[in-house]
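In what follows, a single structure is set out as structure tokens and then discussed.
As the structure is a prediction and not an experimental result, all values here were calculated from the model. Computed from heavy atoms alone, side chains included, the values below leave out hydrogens, waters and symmetry copies.
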Amino acid sequence: MTATFDRAADFTFGLSPGDMPEITRKAAALMFLDTLGITIGATPMEAGRIARDTAAALYGCGENGLGARMMFDGRRVSVAGAAYAAATATDNLDGHDGYYPTKGHIGVVVIPAIAALAETVPDFSGPEALAITTLGYELAGRAALSLHATVSDYHTSGAWNALGVAAMAARMRGLSRDQLRQALGIAEFHGPRSQMMREIANPSMLHDGSGWGAMVGMSSAILAEKGFTGAPAITIEEDRVAEHWEDLGSFWQMERQYVKPYPICRWAHAPIDALRQVMLEHSLSHEQIAGIHINTFHESACLYPGIPATTSQAQYSLGFAVAIQAAYGRIGVEHISGAGLADPLVASIHERISVAEAARHSVRFPACRVADVVVTLTDGRVFETGDVHARGGPEAPFSQDDIVRKFMEFASPSLGEARAAAIRDAVLGFTGDDSKFSDLGRLIYDAPEV
């Protein structure tokens, strides 16, 4: 075993809630809540329904006949099937958190995994839930950095967040250090190294590969538990990646996740926020806008350029998302689905939008997402925003109140105000020593009643 694996294993099995700074524990609770809100908001969507029905059809209850209940559904499937279904649903409502250097998402698999695993182990404390959540974020994030640094192609999050799920399962199910090593190796080998820019060019329900990341990570841990072996994970054990693991347990990626104000690809957020800023500063309405020119980074400029025909395309749009913001001052699920896809007002604004790549923005990616917007009014006035960072990240962080407000906005329509508020209180209560995961568990498996 290598020193880097030993460091990862020590962290996996040895991390206690008391080892985590208070700010890290608070961040873990808020990211848990934020991701859970998107999982809830995604429950009625077509991709989530298909994923749950597929899990029920293909990934049955397992050897003990109990398995795990799918979140906000109640049907029992295998623990891997339950994690897959919830992660796929969450991935298909693009409002979940991310971390700039990873160019992807972690919570999208961490929360579904802990909810599925909780069905297979004895109850545990709220602080332990936050430690497990943090473990998933910290290991997956470093696997991402290692992968991006050592391969030429840009792979989806499922390629590396599978390792975080494997580590979480190893801790929760009591695997040995050697079984953890095997699980990580299996997860890396079978992780979906799907090409992200291919999905950007052809938006679909594949999204960021995280449903399969959850499936692979969970399956890998169970395989290792039963004695299956795998080659050592090079994203952990190869010499070239050691630098990405040296700060494990001292630098907390958990604290540096960004929160999305919109259910749209993060690459579109800086232009959206730039337009939002200029419209608020000058009290503008969409009727006053003659043209919007967006200067953004390369990846952002590659987003879907037309009027989307599907929710998947809408979430990977740029001009369409900016047009929604101009029209309504916000972007909700109703704007990127159903009748919102054929909104004539949004379509008319979309015709007035142009997009260009700006080299000064491209060179700063992925460390930050920056854009600027030039708005021309019907009366001839021109407003230039200057460089604007996407809100919700380290440069423009959200407060706890912002995150709670977002959670309630996404959770309440599906669950009702009372159940959503009870889930909110249970998750935020995880920071208390007397809290239990079951305080939340009793609220997250039954299908919505409203």
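- Residues forming a side chain to side chain donor-acceptor pair (under 3.5 Å) with T88 (at least two apart in sequence, or on another chain): none.
- Residues passing the salt bridge (Lys or Arg N to Asp or Glu O under 4.0 Å) test with D439: none are found, sequence neighbours excluded.
- The salt bridge (Lys or Arg N to Asp or Glu O under 4.0 Å) test applied to D153 returns no partner, not counting sequence neighbours.
- Annotation: side-chain contact (heavy atoms from CB on, under 4.5 Å) contacts of K406 (sequence neighbours excluded): D34, I38, V259, K260, F410.
- Using the six-membered ring where Trp is involved, Y59 and W212 have ring planes that are perpendicular, over 60° apart on the 30 and 60° scheme.
- Every residue two or more places apart in sequence or in another chain that forms a side chain to side chain donor-acceptor pair (under 3.5 Å) with T2 is listed here: E237.
- Between R76 and E119, at least one side-chain N (NZ, or NE/NH1/NH2) sits under 4.0 Å from a carboxylate O, which counts as a salt bridge.
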Distance-only donor-acceptor hits, side chain of residues 41-53, under 3.5 Å, sequence neighbours excluded:
{"residue": "T43", "atom": "OG1", "partner": "T39", "partner atom": "O", "Å": "3.0"}
{"residue": "T43", "atom": "OG1", "partner": "I40", "partner atom": "O", "Å": "3.3"}
{"residue": "R52", "atom": "NE", "partner": "D73", "partner atom": "OD2", "Å": "3.2"}
{"residue": "R52", "atom": "NH1", "partner": "T43", "partner atom": "O", "Å": "3.2"}
{"residue": "R52", "atom": "NH1", "partner": "G48", "partner atom": "O", "Å": "3.3"}
{"residue": "R52", "atom": "NH2", "partner": "T43", "partner atom": "O", "Å": "2.9"}
{"residue": "D53", "atom": "OD1", "partner": "R75", "partner atom": "NH1", "Å": "3.3"}
{"residue": "D53", "atom": "OD1", "partner": "R75", "partner atom": "NH2", "Å": "2.9"}

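- We find that K436 and D123 are not joined by a salt bridge, their nearest charged nitrogen and carboxylate oxygen being 4.0 Å or further apart.
- F430 has its ring centre less than 6.0 Å from the ring centre of F32.
- For R330, the salt bridge (Lys or Arg N to Asp or Glu O under 4.0 Å) test picks out E334, E409, with sequence neighbours left out.
- Residues forming a side chain to side chain donor-acceptor pair (under 3.5 Å) with E138 (at least two apart in sequence, or on another chain): R142.
- Every residue two or more places apart in sequence or in another chain was checked for a side chain to side chain donor-acceptor pair (under 3.5 Å) with R7, and none qualifies.
- In this pair, W267 and F365 present their aromatic rings perpendicular. The plane angle is above 60°, beyond the 30 to 60° band.
- The number of heavy atoms from other shown groups lying within 6.0 Å of CG (N64) is above 12.
- For the side-chain contact (heavy atoms from CB on, under 4.5 Å) test, residues two or more places apart in sequence or in another chain that qualify with Q400 are K26, L30, V404, L428.
- Remark: aromatic rings of Y262 and H269 are close, center separation under 6.0 Å.
- Considering only residues two or more places apart in sequence or on other chains, T229 meets the side-chain contact (heavy atoms from CB on, under 4.5 Å) condition with Q182.
- By the side-chain contact (heavy atoms from CB on, under 4.5 Å) test, E128 pairs with P17, F124, S125, A131, I132, R171, sequence neighbours left out.
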